[in-house]
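Worksheet: the structure to be examined is printed underneath.
Each ligand, and each atom within it, is numbered from 1 in the order the structure gives. This is a predicted model, so every value here is computed, not measured.
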Amino acid sequence: MQTSFSLAQLADPHVAESEKILRKCVHCGFCTATCPTYVTLGNELDSPRGRIYLIKDMLENGRPADKEIVTHIDRCLSCLACMTTCPSGVNYMHLVDHARAHIQETYKRPLVDRLTRAMLAFVLPYPQRFRAALKLAKLGKPFIGVLEKVPALKPLGAMLKLAPGSIPTASPMASPGVHPGQGTKKGRVAILTGCAQSVLDPAINDTTISLLTRLGVEVVVPPGEGCCGALVHHMGREEAALASARQNVDAWTRAIEQGGLDAIIITASGCGTTIKDYGFMLRLDPAYADKAARVSGLAKDITEYLAAFDLPEPVRKPGTVVAYHSACSMQHGQKIIRQPKELLAKAGFIVREPREGHLCCGSAGTYNILQSEISAKLRDRKVKNIEATGASIVATGNIGCITQIASAAKLPVVHTIKLLDWAYGGEPPRMS
Ligand code: SF4
Ligand code: SF4
């Protein structure tokens, strides 16, 4: 695609990066066929190619964002299916991240939208605030119907709908410390405790630590870790996202210096995609660029780590039929495709893949709150395809997908690690 940025515009490294991305796009439109919003809405402006044109126009003309571009960029799930499909290697992720930051800087959203986004950014990344908010949400559940009737208040209704009926107690295993491996030491890793997952399902990380330590791997929960920054990053709140990234880079750098790390284990693929991008996000910060690149290089999804590990034979072979749902951040964001399925099959599960596996379930961070109608359509389509597999349980590697699919599916939805841990001698998985 031809571009016509001025030299002065290209002096901004963010614009220069976006220009390089735009030039790679050859307008072929292959990406439209796999874009969930294009498939759902049928509007070119809700396709990757349409959004790329809108972003180009906004950046090239140095314009502030307007209502039209905000509407179509807000509808993008950042699922990155377009990046998997694109034959020209267009890095849509970095382009849309830049567009979102530009929107945040230059566009004044309606008051309720601003307040909703500010509240999400204030609450979700902080486990204590999120836990308190979930308790409050129980009181608000009777008002869901009323809130859903007022367009501006739909996000509040969606939030209350998604809030679980009961909240598990916080896990002591998530506190900073070291969990020694059993027997001969086979490795040393840090684990991301994260934010929302540690409140919604702390058993995911407990199970991961339990399995890894039984395998002889020492697991460190470094002090100072926090939210990976993905939630605010996808809302265009660049400074907040970079602050989270720096905080985690500092925490993991200390852990590296204090005893070395083979990997930084991540059990939520949405976080994994962002942490693997820290090197890019902090590339312009001389104090952090190298450290962030090192952290990104060490970041591994738990299934990626286990797939490269010399696993023993499973203790039991359950024979259960599992529908494996590959989160977008797993398959498109991190290109982790075969490892979770192969691990499950090796552990004695019968793995089935739902049709349209490339399409997002509609969770996408805060998307199921901010774009609840499109999100519900995608969820129902996903659940129908999952149920058609005839499986008795769903496995996936992202807490957002677990919450989203479980809100509509008749069958239980668990994190992949819970099934693996069970096969390798752990407790039977507790269901969401
Ligand atoms: S990230 Fe997903 S929703 Fe957004 S343009 Fe690409 S395929 Fe479409
Ligand atoms: S598939 Fe790639 S090159 Fe083709 S229109 Fe989409 S982003 Fe552009």
Side-chain angles (χ1 to χ4, degrees), residues 1-3 17-60 65 68-103 230-231 233-236 269-270 272-274 276-277 280 325-335 337 356-379 381-382 398 400-401 404:
M1 179 183 286
Q2 270 198 336
T3 58
E17 187 65 36
S18 289
E19 194 246 8
K20 266 198 282 174
I21 300 169
L22 289 166
R23 280 181 168 271
K24 280 195 172 176
C25 176
V26 294
H27 332 201
C28 65
F30 288 162
C31 52
T32 56
T34 56
C35 171
T37 54
Y38 182 73
V39 168
T40 306
L41 304 168
N43 179 350
E44 171 75 16
L45 293 179
D46 289 312
S47 77
R49 185 172 59 180
R51 291 184 177 113
I52 287 169
Y53 275 118
L54 288 172
I55 296 170
K56 175 180 183 285
D57 183 53
M58 175 176 73
L59 295 179
E60 225 170 35
E68 185 189 37
I69 189 163
V70 172
T71 300
H72 298 294
I73 297 296
D74 280 357
R75 285 184 192 155
C76 169
L77 296 131
S78 276
C79 70
L80 310 180
C82 47
M83 283 180 64
T84 298
T85 311
C86 176
S88 304
V90 172
N91 193 322
Y92 177 84
M93 176 171 85
H94 289 160
L95 186 66
V96 81
D97 286 346
H98 181 196
R100 289 201 164 108
H102 187 79
I103 289 171
L231 289 166
H233 191 44
H234 291 156
M235 286 196 271
S269 59
T273 302
T274 298
K276 287 180 178 180
D277 202 40
F280 177 81
H325 163 71
S326 188
C328 297
S329 43
M330 191 75 85
Q331 59 173 321
H332 305 305
Q334 299 184 60
K335 304 283 181 266
I337 293 162
E356 300 184 327
H358 61 283
L359 282 185
C360 181
C361 67
S363 166
T366 54
Y367 194 91
N368 50 5
I369 294 169
L370 296 170
Q371 298 285 336
S372 55
E373 282 176 26
I374 305 172
S375 167
K377 282 187 185 151
L378 289 169
R379 179 200 61 202
R381 187 170 181 151
K382 179 63 68 183
N398 193 44
C401 307
Q404 173 83 345

List the steps, then state whether side chain to side chain donor-acceptor pair (under 3.5 Å) holds for Thr34 with His358. CA-CA 7 Å; Thr34 56; His358 61 283; 5.7 Å; no
Taking it one step at a time, do Asn398 and Met330 satisfy side chain to side chain contact (heavy atoms under 4.5 Å, CB included)? CA-CA 8 Å; Asn398 193 44; Met330 191 75 85; over 6 Å; no
Show your working on side chain to side chain contact (heavy atoms under 4.5 Å, CB included) between His94 and Asp277 and close with a plain yes or no. CA-CA 10 Å; His94 289 160; Asp277 202 40; 2.9 Å; yes
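Annotation: protein N, O or S atoms under 2.8 Å of atom 2 (Fe) of ligand 2 (waters excluded) comprise Cys86 SG.
Side-chain contact between Tyr53 and His27 is present, with at least one heavy-atom pair separated by less than 4.5 Å. Using a 4.5 Å heavy-atom cutoff, the side chains of His325 and Lys382 are in contact.
For residues 361-373, the set of pairs meeting the side chain to side chain donor-acceptor pair (under 3.5 Å) definition, not counting sequence neighbours, comprises Lys154-Glu373, Asn368-Gln404.
Annotation: atom 3 (S) of ligand 1 to nearest protein heavy atom, Leu77 N, 3.4 Å. Considering only non-hydrogen protein atoms, atom 5 (S) of ligand 2 sits nearest to Gly29 N, 3.2 Å. With hydrogens left out, the protein atom closest to atom 7 (S) of ligand 2 is Ile52 CD1, 3.6 Å, a heavy atom.
Heavy atoms of Arg51 found under 4.0 angstrom from ligand 1 belong exclusively to the side chain. Only the backbone of Ser78 comes within contact range of ligand 1, with a heavy atom under 4.0 Å; no side-chain atom does. At a 4.0 Å heavy-atom cut-off, ligand 2 touches His27 through the backbone alone.
By heavy-atom distance, the residue among Val39, Leu359, Thr40, Leu80 lying nearest atom 1 (S) of ligand 1 is Leu80. Of the listed residues (Ala81, Cys328, Cys76), the one carrying the non-hydrogen atom nearest atom 4 (Fe) of ligand 1 is Cys76. Of the listed options Pro36, Cys35, Cys79, Cys79 places a heavy atom closest to atom 2 (Fe) of ligand 1.
The main-chain N or O of Cys31 is never found under 3.5 Å from a side-chain atom of Thr85 such that the two would form a donor-acceptor pair. The main-chain N or O of Asp46 is found under 3.5 Å from a side-chain atom of Thr37 such that the two form a donor-acceptor pair.
Exactly one residue among His234, Arg100, His332 makes a side-chain hydrogen bond (donor to acceptor under 3.5 Å, both in side chains) with Ser78. That residue is Arg100.
Checking Arg75 against Thr40 by side-chain atom types alone, no donor-acceptor pair falls below 3.5 Å.
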